[in-house]
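Take a look at the structure below.
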Amino acid sequence: MLNTPFPFKRLSGAVSERDSLRVVVFAIADYLFALPVGAVLKVMACPPIRSTVENGIGMVDLGAQTITIVDLRQKFIQQVQAQQAHPVPSAVETSGRFLLLTQTRTGEICGIPVDKPPALIDIPLSAVRPVPWSYRQVAELSCVSHMAVLPVAPNEEPLKVLLFGMSQILADKLGLPGTTPTLPPGLTSGEQRQRFLRFSLGDRGSGLLPFHSLQDIIDLASQEISPAPALPSWILGFYNWQGQMLRVVDLEHLLGYAPLLKRQSRPEKPMVLVIELQNQVIGFLVAHVYDVEWQDLQQAQSAPTDFSPNKLLNFVQGILPGDRWILDTRAIAQTLQWQTH
């Protein structure tokens, strides 16, 4: 996939900031990866990594702090995989490598050893496309949803750059508040802290879906949707999204509310959330997108049994303060599979 260090222009001015992504590109084995520039905290010479476990997870001391190391090279070099059929703790070769520091969704700092100095480049949005799901499954790339296909020279194979943190990039481009990867004051990292995309749901409340499942947000006119006969009324039809046919679902109608586009007070500019749920990508039509926010799941309460529409209760994990409804993505995905096949 990679024959020369970085055979493309750094910080090219050929595309506008609005139509491009500024990313840090780095090489691991024969693959190119990229992170949004805002997610990279620091790049430094890689210190010795004294302990690793299966799949290249280890620890390293940086001053008074110990951080987790994710050595992706062990994942993508077959010889290393073969040697680690029965992995034991060992040292990682770090001579001449660099350490890229970033943050997890819970705010924890981690390091990624890379083989060459990273490059800062602008990638046109038009070059970004989803990574095929079957490839992600075989290559065990569940954390990479998109890639950029970049031309190099005539008659040459284009470069493919696998993009981490694509949902973060999309939210930043759309100007959604609350998309910083840093935990807000008063919160500590942990399994109970999670980021959600918040959008309108019903007359007064709002719905929450996991932010990491967001693939895209589309400002879509109803005439761009191809109708789907003989399917449930909450399936509006199909839309050609980045080369694949995307099912567009009226999310509120699926949850028991009246159809969004047939209401007397229908929204002027509804949005479609492209969400990945249980190995399928779905477009959910919603009236408004509000923000991205951290929530403490320990504050969630059970939904009242006498709520109307009652059907909504089948798809809710809990309710957070401020009438925020956490939607059950597994239940939604199962309904989509049962009633459309």
Side-chain angles (χ1 to χ4, degrees), residues 178 191-215 217-218 220 222 225 227-239 246-341:
E191 293 183 356
Q192 296 301 314
R193 312 294 184 181
Q194 187 172 340
R195 273 197 302 175
F196 291 94
L197 179 70
R198 187 168 71 95
F199 51 90
S200 57
L201 182 64
D203 298 330
R204 297 177 302 276
S206 54
L208 299 176
L209 284 171
F211 177 60
H212 64 81
S213 64
L214 176 68
Q215 305 294 300
I217 298 181
I218 308 170
L220 188 62
S222 58
I225 302 173
L231 288 176
S233 58
W234 37 262
I235 296 184
L236 301 177
F238 295 88
Y239 172 72
L246 179 74
R247 275 183 294 172
V248 180
V249 173
D250 183 338
L251 181 58
E252 290 196 20
H253 190 28
L254 168 65
L255 301 179
Y257 293 93
L260 186 62
L261 298 180
K262 295 182 179 180
R263 298 177 191 173
Q264 192 171 13
S265 57
R266 57 180 291 178
E268 293 183 6
K269 294 183 178 180
M271 309 292 291
V272 174
L273 311 176
V274 182
I275 301 290
E276 184 178 300
L277 298 179
Q278 304 290 314
N279 302 353
Q280 54 184 324
V281 179
I282 306 295
F284 289 131
L285 184 77
V286 299
H288 306 285
V289 177
Y290 294 137
D291 56 17
V292 176
E293 57 188 26
W294 287 96
Q295 289 291 350
D296 182 356
L297 299 185
Q298 292 180 331
Q299 297 183 9
Q301 302 293 323
S302 300
T305 56
D306 58 348
F307 184 83
S308 179
N310 190 261
K311 183 180 178 182
L312 174 62
L313 302 181
N314 298 324
F315 302 99
V316 172
Q317 287 184 320
I319 305 177
L320 288 166
D323 208 15
R324 288 163 163 78
W325 295 68
I326 306 173
L327 299 185
D328 187 338
T329 55
R330 184 182 298 273
I332 293 174
Q334 288 177 346
T335 298
L336 293 172
Q337 289 176 336
W338 291 340
Q339 300 198 23
T340 59
H341 290 83

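The residues of the chain are indexed from 1 along the displayed sequence.
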| field | Side chain proximity check, W325 to L312, heavy atoms < 4.5 angstrom | value | yes

| said: Is it the case that the side chains of R198 and Q295 hold a donor-acceptor pair, with the cut-off being a distance below 3.5 Å and no angle test? | reply: no

| query | Can you find a pair of side-chain heavy atoms, one from R263 and one from Y257, that are under 4.5 Å apart? | reply | yes

| Is there a side-chain contact between L327 and Q317, using heavy atoms and a 4.5 Å cut-off? | no

| request: Please report the closest heavy-atom contact between A228 and I235, naming both atoms and the distance. | output: CB-CG2, 4.5 Å

| Where at least one partner belongs to residues 315-327, residue pairs that pass salt bridge (charged side-chain N to carboxylate O under 4.0 Å, His left out), sequence neighbours excluded | E293-R324

| message | As a quick check of understanding, evaluate side-chain contact (heavy atoms from CB on, under 4.5 Å) for L246 and V281, giving each step before the final call. | response | CA-CA 7 Å; L246 179 74; V281 179; 3.8 Å; yes

| At what distance, to the nearest 0.5 angstrom, does OH of Y239 lie from CG of L285? | 13.0 Å

| field | Partner of V248 by side-chain contact (heavy atoms from CB on, under 4.5 Å), out of L236, I218, I282, V274 | value | L236

| field | Spatial distance of atom CD (Q301) from atom CD1 (I326) [nearest 0.5 Å] | value | 10.5 Å

| For atom CZ of R330, is the number of surrounding heavy atoms from other residues, nucleotides or ligands below 6.0 Å larger than 12? | no

| Which one of D328, V249, L254, N314 satisfies the side-chain contact (heavy atoms from CB on, under 4.5 Å) criterion with T335? | L254

| field | T329: side chain to side chain contact (heavy atoms under 4.5 Å, CB included) partners, not counting sequence neighbours | value | L209, P210, L277

